[in-house]
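Working notes for the structure below.
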Amino acid sequence: MEFTVISSDPYSGARAGVIHTAHGAVSTPVFMPVGTAGTVKAVSHIELEREVKAGIILGNTYHLYLRPGTDILRKAGGLHRFSSWQYPILTDSGGYQVFSLADNRKITENGVIFHSHIDGSRHIFTPENVVDTQRIIGGDIMMALDECTPYPVEHDVAADSMHRTHRWLERGLMQYRNTTTLYGYHQAFFPIVQGSTYPDLRRLSASTIASRGLEGYAIGGLSVGEPVETMYEMIELVNSILPRDKPRYLMGVGTPANILESIALGVDMFDCVMPTRNGRNGMLFISEGIINIRNEKWKDDFSPVDPGGVSIYSTQYSKAYLRHLMVSREILGAQIASIHNLSFYTNLTREAGSRIMDGSFTSWKNIMVEKLKRRL
RNA sequence: GGGGAGAUACCAAAGCGGUCAACUGGGGCAGACUGUAAAUCUGCUGGCUGAUGCCUUCGGAGGUUCGAAUCCUUCUCUCCCCA
């Protein structure tokens, strides 16, 4: 994997670049739709390619390990072939499930013991076997097993957790280096910075991880409930330490405004379930702000979902029709909302990239952030 | 013509003397959602009120009772069965 910074914004930390992977090049800044269980919910790969124009999508180790399971994935020849997606894939390690499935797991030094949310069966995820599973899934970028700490958390708890994540990184890295791809192409391995909202921990975590000489670096444990300003402070601090010549991936973020602000702080890669999950629940991110399409006020608004949208799904269907579909719980409603939101997100990061290259990023970003936060 | 059942809030449907402004569903309205246990979850849904509280409601009218959606009389209307 190769990353090239093409242009840097003179007024902020923003940069535009390209990541070259075995399954193609990805322009950054990039938004990566989340496809947890081998599918970006409600969106086919055809629409993902043609309408969303997604350059790379996510898969999840925990979920894919449980279903369909590693035997099937190996027989299929990896997730690309299994799901018929020919572009890059990044797989999360299951570290987020340490946070989101906190009631079903136990953390030990060796790894995380999960009780399957599907059938209750017991499974242990170690830094090593999570690499093995990701080798089988075959993502272009694999993530180290980390512990996504909740917020708020005591300093000493956050420190213990962070140090464990660092120890797990060493073990995962060893496994990564002692194993090889199963399908004939390179897979990168990204470590994850933790440290909650404590500057000293974030600084230590970033410098520890930056010293590993890897192909990209992720920032985890944010957008878990902390004030947004605190999140930005942590990003800025971490990015001042992470290498400039490698991609920086802010995990799980966020709103359109969050993404633009984070691009300004030097983040290159994003993923978030918001455009899909919130979309399925009626929240639409459009050029003028945020709307809840289920609201009564849209019942006779026959204007396009987003007149400023780039996808035909945004411009062809009316708000009134989409509201009808959502209120009636029709499947098409979830599809249109998801495709619209995702195309909005990918277009936003794409435009950020072109603004960085032509030097207009910062002024544009400042206007857009205010606009995109508005509730209509 | 004879016999029987029933009328409760937007709809359906509990309740059968006080703890009922009235269970529960649906519908409606609004909110939440940030590396997806989510096409999920939460709240409100007679009026006024920040809360307490107050006022008007259970087909209509009248009555019994300290007190009625609940008991009695009567009227109106629905539905079912037998002719």
Side-chain angles (χ1 to χ4, degrees), chain A residues 31-43 56-64 66-67 89-105 114-120 130 134 139 141-151 165 190-194 218-228 231 235 249-259 261-262 267 269-285 290-299 323 325-338 341 345 375:
Chain A
F31 178 77
M32 309 181 285
V34 180
T36 307
T39 163
V40 175
K41 295 186 193 297
V43 184
I56 170 171
I57 62 176
L58 259 66
N60 181 278
T61 302
Y62 169 86
H63 290 279
L64 292 169
L66 289 180
R67 277 193 309 213
I89 292 176
L90 180 151
T91 49
D92 188 24
S93 60
Y96 187 72
Q97 280 62 47
V98 174
F99 165 78
S100 66
L101 300 178
D103 294 341
N104 296 347
R105 56 75 173 151
F114 282 103
H115 280 96
S116 162
H117 67 282
I118 300 162
D119 62 7
V130 151
Q134 291 181 96
I141 300 171
M142 309 191 288
M143 301 304 299
L145 183 64
D146 69 329
E147 182 184 336
C148 179
T149 47
Y151 176 88
T165 290
F190 284 17
I192 304 170
V193 174
Q194 287 291 339
I219 306 169
L222 291 176
S223 66
V224 289
E226 77 284 2
V228 70
M231 175 174 83
I235 294 167
Y249 164 30
L250 178 58
M251 306 184 79
V253 174
T255 65
N258 291 161
I259 287 174
E261 294 289 18
S262 302
V267 175
M269 303 165 70
F270 300 89
D271 77 280
C272 189
V273 303
M274 266 198 166
T276 44
R277 182 198 284 163
N278 291 32
R280 289 195 303 282
N281 295 327
M283 182 183 281
L284 262 48
F285 301 94
I290 299 170
I291 67 174
N292 182 344
I293 196 65
R294 290 179 317 197
N295 286 176
E296 189 175 23
K297 65 207 277 193
W298 310 115
K299 71 179 176 187
R323 173 180 194 269
L325 294 177
M326 295 300 299
V327 166
S328 307
R329 312 184 73 72
E330 284 291 338
I331 294 171
L332 183 60
Q335 296 173 322
I336 294 172
S338 299
N341 276 349
Y345 267 65
R375 296 288 185 131

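Order of the sequence lines sets the chain letters (A, B, ...), proteins ahead of strands, with each chain counted from 1.
- Across all strands shown, the partner of B:U73 is B:A61, judged by Watson-Crick or G-U wobble contacts whose two distances both fall under 3.5 Å.
- Base contact: A:Thr276 has a heavy atom under 4.0 Å from a base atom.
- The gap from the P atom of B:G63 to that of B:G15 amounts to 29 Å, rounded to the nearest Å.
- Base pairing of B:G18 is made with B:C66, judged by Watson-Crick or G-U wobble geometry with both donor-acceptor distances under 3.5 Å.
- Comparing the C1' positions of B:G18 and B:C71 gives a spacing of 14 Å, expressed to the nearest Å.
- Across all strands shown, B:A9 has no partner, as no Watson-Crick or G-U wobble contact with both distances under 3.5 Å is found.
- Across all strands shown, A:Arg105 has no heavy atoms under 4.0 Å from either base or sugar-phosphate atoms.
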query: What string of B, S and - do you get for nucleotides 42-47 of chain B 5' to 3' if you count protein non-hydrogen atoms under 4.0 Å?
result: ------
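- Atoms CG (A:Leu64) and P (B:G35) sit 16 Å apart, rounded to a whole Å.
- Counting to the nearest Å, the C1' atom of B:G35 and the CE atom of A:Met142 are 17 Å from each other.
- The NE2-P distance, from A:His63 to B:A37, rounds to 4 Å in whole Å.
- Using a 4.5 Å heavy-atom cutoff, the side chains of A:Pro227 and A:Tyr151 are in contact.
- B:U42 and B:G46 are spaced 23 Å apart, taking the C1' atom of each and rounding to whole Å.
- In terms of the side chain to side chain donor-acceptor pair (under 3.5 Å) criterion, residue partners of A:Tyr62 (sequence neighbours excluded) are, by chain and number, A:His117.
- The side chain to side chain donor-acceptor pair (under 3.5 Å) test applied to A:Thr61 returns no partner, not counting sequence neighbours.
- Residue A:Gln97 is classed as a sugar-phosphate contact, given heavy-atom separations below 4.0 Å to backbone atoms only.
- For the residue pair A:Gln194 / A:Thr165, no side-chain donor-acceptor distance below 3.5 Å is found, with atom types taken as modelled.
- B:G17 and B:C58 are spaced 15 Å apart, taking the C1' atom of each and rounding to whole Å.
- Comparing the same atom, P, in B:A5 and in B:C72 gives a spacing of 13 Å after rounding to whole Å.
- Between the CZ atom of A:Phe114 and the CG atom of A:Leu66 there is a distance of 9.0 Å, given to the nearest 0.5 Å.
- If you take atom P in B:C10 and the same atom in B:U45, they sit 14 Å apart, rounded to whole Å.
- As a whole-Å value, the separation of A:Met283 CE from B:U34 P is 10 Å.
- Here the closest non-hydrogen pair linking A:Asn60 and A:Gln97 is ND2-OE1, 3.0 Å.
- Of all nucleotides present, only B:G28 satisfies the Watson-Crick or G-U wobble test against B:C44, with each distance under 3.5 Å.
- In this structure, the nucleotide among B:G35, B:C33, B:A39 sitting nearest to the side chain of A:Tyr249 is B:G35.
- One interatomic measurement links the two molecules: CE of A:Met274 to P of B:U34, which rounds to 7 Å at whole-angstrom precision.
- Not counting sequence neighbours, A:Thr39 has no partner by the side-chain contact (heavy atoms from CB on, under 4.5 Å) test.
- Spacing between atom CZ of A:Phe114 and atom C1' of B:A37 amounts to 12 Å, rounded to whole angstrom units.
- Taking the side chain to side chain donor-acceptor pair (under 3.5 Å) definition, one finds that A:His115 meets it with nothing, sequence neighbours left out.
- The C1' atoms of B:G1 and B:A9 are separated by 39 Å, rounded to the nearest whole Å.
- Take the nearest nucleotide of RNA chain B for A:Val273 and for A:Ile331: the residue whose nucleotide is more 5' is A:Val273.
- Scanning for side chain to side chain donor-acceptor pair (under 3.5 Å) contacts around A:Asn258 gives A:Tyr232, A:Thr255, with sequence neighbours left out.
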N/O-N/O pairs, protein side and nucleotides 27-30 of chain B side, under 3.5 Å:
unit_1: B:C29; atom_1: OP1; unit_2: A:Arg323; atom_2: NH2; d: 2.7
unit_1: B:A30; atom_1: OP1; unit_2: A:Glu296; atom_2: N; d: 3.4
unit_1: B:A30; atom_1: OP2; unit_2: A:Glu296; atom_2: N; d: 3.0

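- Screening residues 270-282 of chain A for side chain to side chain donor-acceptor pair (under 3.5 Å) gives A:Tyr249-A:Asp271 as the qualifying pairs, with residues at least two apart or on separate chains.
- The stretch residues 141-151 of chain A participates, sequence neighbours left out, in these salt bridge (charged side-chain N to carboxylate O under 4.0 Å, His left out) pairs: A:Glu147-A:Arg164.
- The structure places NE2 of A:His63 at 8.0 Å from CD1 of A:Ile118, a figure rounded to the nearest 0.5 Å.
- Taking side-chain N and O atoms only, A:Ser223 has no distance below 4.0 Å to OP1 or OP2 of B:G35.
- Here B:G35 presents its P atom at 16 Å from CD1 of A:Ile56, a figure rounded to the nearest Å.
- Among the heavy atoms of the strands, none lies under 4.0 Å from A:Glu147.
- Considering only the side chain of A:Asn281, B:C33 comes nearest among B:C33, B:A37, B:U34.
- Nucleic acid contact class of A:Asn278 (heavy atoms, under 4.0 Å, all strands): base.
- In a base pair of the Watson-Crick type (N1 to N3 plus N6-O4 or O6-N4) or a G-U wobble (N1-O2 and O6-N3), with each distance short of 3.5 Å, B:A38 is matched with no nucleotide.
- For a distance-only test at 3.5 Å, the side chain of A:Asp92 qualifies as a donor-acceptor partner of the base of B:G35.
- Using a 4.0 Å heavy-atom distance criterion, A:Ile192 is classed as a base contact.
- Among the protein residues, A:Gly221 comes within range of the nucleic acid bases, having at least one heavy atom under 4.0 Å from a base atom.
- Among the protein residues, A:Asp146 comes within range of the nucleic acid bases, having at least one heavy atom under 4.0 Å from a base atom.
- For the pair A:Glu261 CD and B:U34 C1', the computed distance is 15 Å after rounding to whole Å.
- Distance check on atom P: B:U73 versus B:G6 gives 15 Å, rounded to whole Å.
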